[in-house]
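Below is one structure, written out as structure tokens, with a few remarks after it.
Throughout, numbering of the chain's residues begins at 1 and tracks the sequence. The structure presented is a predicted model; accordingly, all values stated were derived computationally and were not measured.
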Amino acid sequence: MQRLVYQQLIDWKNSNNRKPLILNGARQVGKTWLLHELAEKEYEKKAYVNCRKNDIARQIFTQDFDVERILRSLRAITGIDITPHNTLVVLDEVQDIPEAIETLKYFYENAPEYHVAVAGSLLGISLHKDVSYPVGKVNEINVYPMSFQEFLLAKGEDEMYKLLIEGDFNVINPLHKKYVELLRQYYYVGGMPEVVDKYIQTGALQEVRHIQNDILRGYDRDFSKHAPKEQVPRIGMVWRSIPSQLFKENKKFIYGALRKGARASDFEIAIEWLVDAGLVYKVPRCTKPALPLSIYEDLSAFKLYHLDIGLLGAMVGVDPIQVLVASTVFTEYKGGMTEQFVLQQMKSAGISPIYYHKTDNSRLELDFVIQQSGQLLPIEVKAESNVRANSLMRLLSENPNMRAVRYSMLPYKNQGQLTNMPLYCC
């Protein structure tokens with residue numbers, strides 16, 4: 001497979017200001033695979049240590065922070081002569097030995113010539129309270145599920161991918177039906193690498209769903225293993241509620257949907273745990289579509305999106321015929337699947353921060369609002385070809401210098417302030 005984030009890893013290797021690397025991301029998004037690829041393609045040697053249930057590795061990192069001693073020990077257990085610049089030291093499942101994360105600070109300060117990269121679930125990295133996180137002493141790269149563009153590459157649709165990157169709509173528009181068919185497949189399969197690989201190799205839809213369900217069960221087990229015991233039931237309630245929250249007309253997260261009389265204070269920790277674990281994306285409301293967006297952030301109102309559109313479909317048991325055959329795939333579920341797709345594409349592209357806008361006394365609602373090139377960019381998402389949006393047009397008429405993007409099932413069309421883009425071009 002080809003992961004577009006791989007270029008960031010090469011840039012890290014070649015950087016003059018390189019620090020030890022932490023590869024962030026939820027479980028099963030491909031962090032370990034990426035580090036193996038980097039080591040095998042860009043280095044002469046790889047010293048790999050899996051920290052999961054590894055008592056010897058635990059002894060190495062829990063004694064002290066003597067980098068020379070640690071390097072001698074790593075050479076001994078890996079059988080690799082770790083040397084500067086040409087060896088990649090990979091510490092995997094590092095959440096099981098949080099002290100190894102703290103050690104990165106001392107590699108940066110005392111042995112910066114060594115290339116060290118760690119991978120581990122955010123369940124262990126971000127939430128461990130007993131170890132000092134090496135703020136400012138590490139580089140971090142976020143890994144997300146495979147984007148639609150990466151899905152195209154995995155399927156061997158290199159030319160279709162290149163057309164999207166080049167943005168030549170004179171060629172893209174006649175291929176609209178083929179792009180829609182590929183997008184349907186992505187809606188069902190999603191971007192989890194193991195799932196994509198199985199689909200590419202076999203095309204077996206039920207095997208795809210089986211792997212998706214296995215991944216979901218693994219996340220459930222992680223709740224019990226890593227989360228504070230008193231929060232586990234609440235984390236499960238929030239996690240299981242995401243589809244129903246997304247598939248309603250008003251997608252704002254409603255605590256009362258979890259249980260009668262529920263309040264923010266009851267579930268704040270559970271939500272932040274899922275966010276820090278990389279399993280959900282939190283999109284807060286901004287009260288005014290103006291820059292800087294952070295000034296207008298409303299911490300009490302937000303929408304929650306899933307890690308992956310394929311896993312979201314598996315959670316609700318979406319039937320393959322609904323996605324791959326029926327003409328209503330993009331209009332079912334109140335547009336929730338389509339918003340999930342657009343949000344997921346933006347996260348994969350590294351766009352941050354992302355907000356939505358809705359005012360209490362106005363009909364104006366913007367599905368997403370981001371900053372791009374120093375400008376505010378409203379984004380409207382339509383799950384079908386009916387794209388009337390009087391409120392958005394009114395906003396643009398009141399702000400002549402503002403530009404907006406609308407994603408829908410219509411082909412590309414430039415309308416001055418508003419650019420209509422087909423969903424597959426997101």
Side-chain angles (χ1 to χ4, degrees), residues 4 144-191 196 246 251 305 308-310 312-313 318 322-351 354 356 365-370 372 377-390 392-393 396 402-426:
L4 300 180
Y144 299 100
M146 296 173 70
S147 66
F148 178 59
Q149 287 76 16
E150 290 172 312
F151 179 75
L152 292 180
L153 291 172
K155 280 185 63 67
E157 298 284 358
D158 293 34
E159 291 304 316
M160 301 292 281
Y161 164 78
K162 289 177 184 177
L163 288 174
L164 291 186
I165 300 303
E166 294 167 358
D168 186 349
F169 289 99
N170 290 325
V171 182
I172 290 174
N173 285 347
L175 296 171
H176 179 76
K177 288 185 178 180
K178 183 173 181 180
Y179 276 115
V180 171
E181 176 61 29
L182 290 164
L183 186 60
R184 285 175 178 274
Q185 296 173 49
Y186 183 76
Y187 267 45
Y188 182 80
V189 176
V196 174
L246 268 182
K251 295 170 180 59
Y305 294 88
D308 176 66
I309 192 169
L312 177 63
V318 173
Q322 292 178 277
V323 182
L324 299 171
V325 180
S327 61
T328 56
V329 58
F330 301 108
T331 57
E332 292 283 0
Y333 314 110
K334 304 295 184 181
M337 294 286 277
T338 306
E339 277 195 33
Q340 168 71 37
F341 169 72
V342 172
L343 186 278
Q344 197 169 322
Q345 289 290 102
M346 290 194 289
K347 296 294 289 187
S348 295
I351 293 175
I354 303 171
Y356 81 97
E365 181 172 1
L366 304 173
D367 298 312
F368 299 111
V369 186
I370 64 173
Q372 189 176 62
L377 183 66
I379 296 175
E380 184 180 63
V381 178
K382 292 292 186 180
E384 50 188 326
S385 56
N386 179 6
V387 294
R388 287 180 298 176
N390 294 332
L392 175 60
M393 299 309 295
L396 293 177
M402 183 179 288
R403 300 291 182 267
V405 173
R406 173 192 289 143
Y407 290 107
S408 74
M409 293 312 297
L410 290 177
Y412 169 83
K413 185 178 181 181
N414 190 330
Q415 293 181 261
Q417 285 181 267
L418 178 64
T419 302
N420 290 277
M421 299 284 285
L423 277 168
Y424 47 78
C425 288
C426 183

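Rounding to the nearest 0.5 angstrom, the gap separating the CG atom in L410 from the NZ atom in K382 is 11.0 Å. Taking OG1 of T338 as the reference point, atom CG of L343 lies at 12.5 Å (rounded to 0.5 Å). Annotation: the span from K413 atom NZ to F169 atom CZ amounts to 14.5 Å, rounded to 0.5 Å. Here the CE-CD1 distance, from M421 to I172, works out to 7.5 Å after rounding to the nearest 0.5 Å. To the nearest 0.5 Å, the span separating CD on E150 from OG on S348 amounts to 6.5 Å. In this structure, L4 CG and I165 CD1 are separated by 7.0 Å, a value rounded to the nearest 0.5 Å.
Smallest separation of non-hydrogen atoms from G416 and N414: N-OD1, 2.9 Å. Residues G335 and K251 share a closest heavy-atom pair of C-CE, 4.1 Å. Pairing each heavy atom of P411 with each of N173, the nearest pair is CB-OD1, 3.7 Å. Between K347 and Y144, the shortest heavy-atom distance links the atoms O-CE1, 3.1 Å. Closest non-hydrogen pair, L392 versus A404, comes out as CD1-CB, 4.2 Å. When every heavy atom of Y187 is checked against every heavy atom of L423, the shortest pair comes out as OH-CD1, 4.1 Å.
Salt bridge absent: E181 and K178 never bring a charged side-chain N and a carboxylate O closer than 4.0 Å.
Residues Y424 and M160 fail the side-chain proximity criterion, which asks for heavy atoms closer than 4.5 Å. Residues M393 and Q417 are not in side-chain contact: their nearest non-hydrogen atoms beyond the backbone lie 4.5 Å or more apart. With a 4.5 Å cut-off on side-chain heavy atoms, F341 and F148 count as touching. Two residues are said to be in side-chain contact when any heavy atoms from C-beta on lie closer than 4.5 Å; L182 and Q185 meet this criterion. Two residues are said to be in side-chain contact when any heavy atoms from C-beta on lie closer than 4.5 Å; L152 and L164 meet this criterion. The shortest side-chain heavy-atom distance between I379 and V369 does not fall under the 4.5 Å cut-off. Counting only heavy atoms from C-beta outward, the side chains of I351 and Q372 never approach each other to under 4.5 Å. With a 4.5 Å cut-off on side-chain heavy atoms, T419 and Y412 count as touching.
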For this session: Before giving the answer on side chain to side chain donor-acceptor pair (under 3.5 Å), spell out for Y305 and E339 the whole-Å C-alpha distance, their side-chain angles and the decisive distance to 0.1 Å.
Result: CA-CA 9 Å; Y305 294 88; E339 277 195 33; 2.4 Å; yes
For this session: Show the numbers, then the answer: is there a side-chain contact (heavy atoms from CB on, under 4.5 Å) between V180 and R184?
Result: CA-CA 6 Å; V180 171; R184 285 175 178 274; 4.3 Å; yes
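A distance-only check finds no donor-acceptor pair linking the side chain of D308 to the backbone of P145 [under 3.5 Å]. For Q344 (side chain) and I309 (main-chain N/O), a donor-acceptor pair under 3.5 Å exists by modelled atom type. Without hydrogens or angle criteria, R406 side chain to N420 main chain gives no donor-acceptor distance under 3.5 Å. For the pair E380 (side chain) and E365 (backbone), a donor-acceptor distance under 3.5 Å is absent.
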